[in-house]
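Encoded as structure tokens, the structure appears first; notes follow it.
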Protein chains: 2
Amino acid sequence: MHLPIGISVDCTILGYEDGKMKVLLIKRDKFPEPEKWSLPGAYISEIETIENSAKRVLNELTGIQNIFLTQVGIFDEPNRYPDHRVISVLYCALIKPEQFELIAGSHAKQVSWHNLDEIKTLPFDHNKMIEHSLNWLKEEIWRKPILNSLLPDKFPLNQMKDLYQLILQAEIDNRNFRKKVISQELVERLDEKTKGGQQRPAFLYKFKE
Amino acid sequence: MHLPIGISVDCTILGYEDGKMKVLLIKRDKFPEPEKWSLPGAYISEIETIENSAKRVLNELTGIQNIFLTQVGIFDEPNRYPDHRVISVLYCALIKPEQFELIAGSHAKQVSWHNLDEIKTLPFDHNKMIEHSLNWLKEEIWRKPILNSLLPDKFPLNQMKDLYQLILQAEIDNRNFRKKVISQELVERLDEKTKGGQQRPAFLYKFKE
DNA sequence: GCAAAAGTGTTACACTTACACCCATGT
DNA sequence: ACATGGGTGTAAGTGTAACACTTTTGC
């Protein structure tokens, strides 16, 4: 009835800074895999929904709160975790690194952003989890302004395009991209331009609504 | 660590017969809710993936085996189940009722098909589960030949259209429907027609591949 | 010959894709 | 003046949506 199976949550928190995609990792302090960097995660509590557990765990480990988490998958290989069975529910969120103060708490020794393209082998199936989250993001990216969680409030369209290219891992046609996001009324142009660049200033845009 | 939280699977098994959508229910024999009709489901086992547990449970309860189950959701409200907490992973499958012999086993007193439009209040959150499965189906219906699991091997296009209308709960334009499924090479026409109808015979089609 | 279901084509609109040059600024 | 990234329009192709009449059979 009450099987000896643990249920945990893990979170892929993605950010965008200096033109690179980042993922938030914690340095573990306990068994298993102490001292290793991994996705923030922990067992769920008995009285919360899984999503609320994910929010709480994320806050306890990293200090991040009040963000929107989306469930993106379940990882249930019987041997994915050492010692005993743990089924993990994976959540993903996109945030602007500069808007959150990182506070390592609970069983995290450190918290920090890591460049996505430099991620090495992580414990358990966390590499698979990141890959899974990125695939989820690729599919969701055109639906509504998901990316306003990654971009600053005001941004030039080329920055937005760079981000789409980074996520989709593909070239995007400049003119078609502009037509699309403007005609779909995803973004609107402000009466303001970039300053201090080495070249022609660009109009700034913001997400609608 | 090993929290007293149960993990179960439930299955929405859908069929199509006599122009109606059907769902497979079992009559429960044990606590909780004995004697009530509900979706087939049970606790997962410690050594199987969740999906394999679902297949095993379905077979034990209904006799159905060798079918393709898709995970469509997780139901995790802390009080969805009486007495103690159980998180349930929901699977869905589409099958042809006439191709499976139903055998009530394990803790099922009976198994039988029920018309979807006559389903009353079921125990726990099983009504929500069915609704969730139907929404999933609405989204998946145009992707690949999902419905070849519901239709006979050979069928007239109008029957296929009726089924789409039933699932989507919407009118479909006859000509556009035919154009679409033929141009997408979903189906191909056979050199065979319906017989014994009261009207003009219709060409039979089959799913490609 | 008539009732009933089967079958068929065209046009308008929306969306996507491909493609190349001029513009505004800082140095 | 020139290097650098910013910015723009058009045409072809593809998919979707709306719409009404003729055909074939059983009775």
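Naming: A, B, ... by sequence-line order, numbering from 1 per chain.
In this structure A:Ser112 satisfies the side chain to side chain contact (heavy atoms under 4.5 Å, CB included) test together with A:Trp37, A:His114, sequence neighbours excluded. Looking at residues two or more places apart in sequence or on another chain, you find a side-chain hydrogen bond (donor to acceptor under 3.5 Å, both in side chains) between A:Asp173 and A:Asn176. In this structure A:Glu48 satisfies the side chain to side chain contact (heavy atoms under 4.5 Å, CB included) test together with A:Ser45, A:Asn52, A:Ser53, A:Arg56, sequence neighbours excluded. Taking the side chain to side chain contact (heavy atoms under 4.5 Å, CB included) definition, one finds that A:Glu185 meets it with A:Lys208, sequence neighbours left out.
Crowding of A:Glu139 atom CD: a count of heavy atoms from other residues, nucleotides or ligands under 6.0 Å not exceeding 12.
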Distances for protein N or O near nucleotides 23-27 of chain D N or O, under 3.5 Å:
{"from": "D:dT23", "atom 1": "O2", "to": "B:Arg200", "atom 2": "NH1", "distance (Å)": "2.6"}
{"from": "D:dG26", "atom 1": "O4'", "to": "B:Gln198", "atom 2": "O", "distance (Å)": "2.9"}

Identify the pairs formed between an N or O of the protein and an N or O of nucleotides 9-12 of chain C at a distance under 3.5 Å, and give each distance.
{"from": "C:dG9", "atom 1": "O6", "to": "B:Arg175", "atom 2": "NE", "distance (Å)": "3.4"}
{"from": "C:dG9", "atom 1": "N1", "to": "B:Arg175", "atom 2": "NH1", "distance (Å)": "3.4"}
{"from": "C:dT10", "atom 1": "O4", "to": "B:Lys179", "atom 2": "NZ", "distance (Å)": "2.7"}

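Between the P atom of C:dA6 and the CD1 atom of B:Ile182 lies a distance of 14 Å, rounded to the nearest Å. Atom CG in B:Leu204 sits about 15 Å away from atom C1' in C:dG7, given to the nearest Å. The nearest whole Å value for the distance from the CZ atom in A:Arg178 to the P atom in D:dG6 is 7 Å. One atom, CG of A:Asn174, and another, P of C:dA18, lie 14 Å apart when rounded to the nearest Å. In this structure, B:Phe177 places its CZ atom 18 Å from C1' of D:dC19, rounding to the nearest Å. Spacing between atom CH2 of B:Trp142 and atom C1' of D:dG15 amounts to 13 Å, rounded to whole angstrom units. The separation between A:Glu171 atom CD and C:dT17 atom P is 14 Å, rounded to whole Å. Rounded to whole Å, atom C1' of D:dG5 lies 14 Å from atom CG of A:Leu157.
Here the side chain of B:Lys180 is nearest to one of C:dG7, D:dT16, C:dT8, namely D:dT16.
In this structure, the side chain of B:Asp76 engages the main chain of A:Ile50 through a donor-acceptor pair within 3.5 Å.
In this structure, the separation between SG on A:Cys92 and CD1 on A:Ile146 is 9.0 Å, given to the nearest 0.5 Å.
Residue B:Leu204 forms a side-chain contact (heavy atoms from CB on, under 4.5 Å) with just one option from B:Asp191, B:Thr194, B:Asp153, and that option is B:Thr194. The side chain to side chain donor-acceptor pair (under 3.5 Å) test with A:Asp10 is passed by exactly one of A:Ser38, A:Ser88, A:Ser133: A:Ser88.
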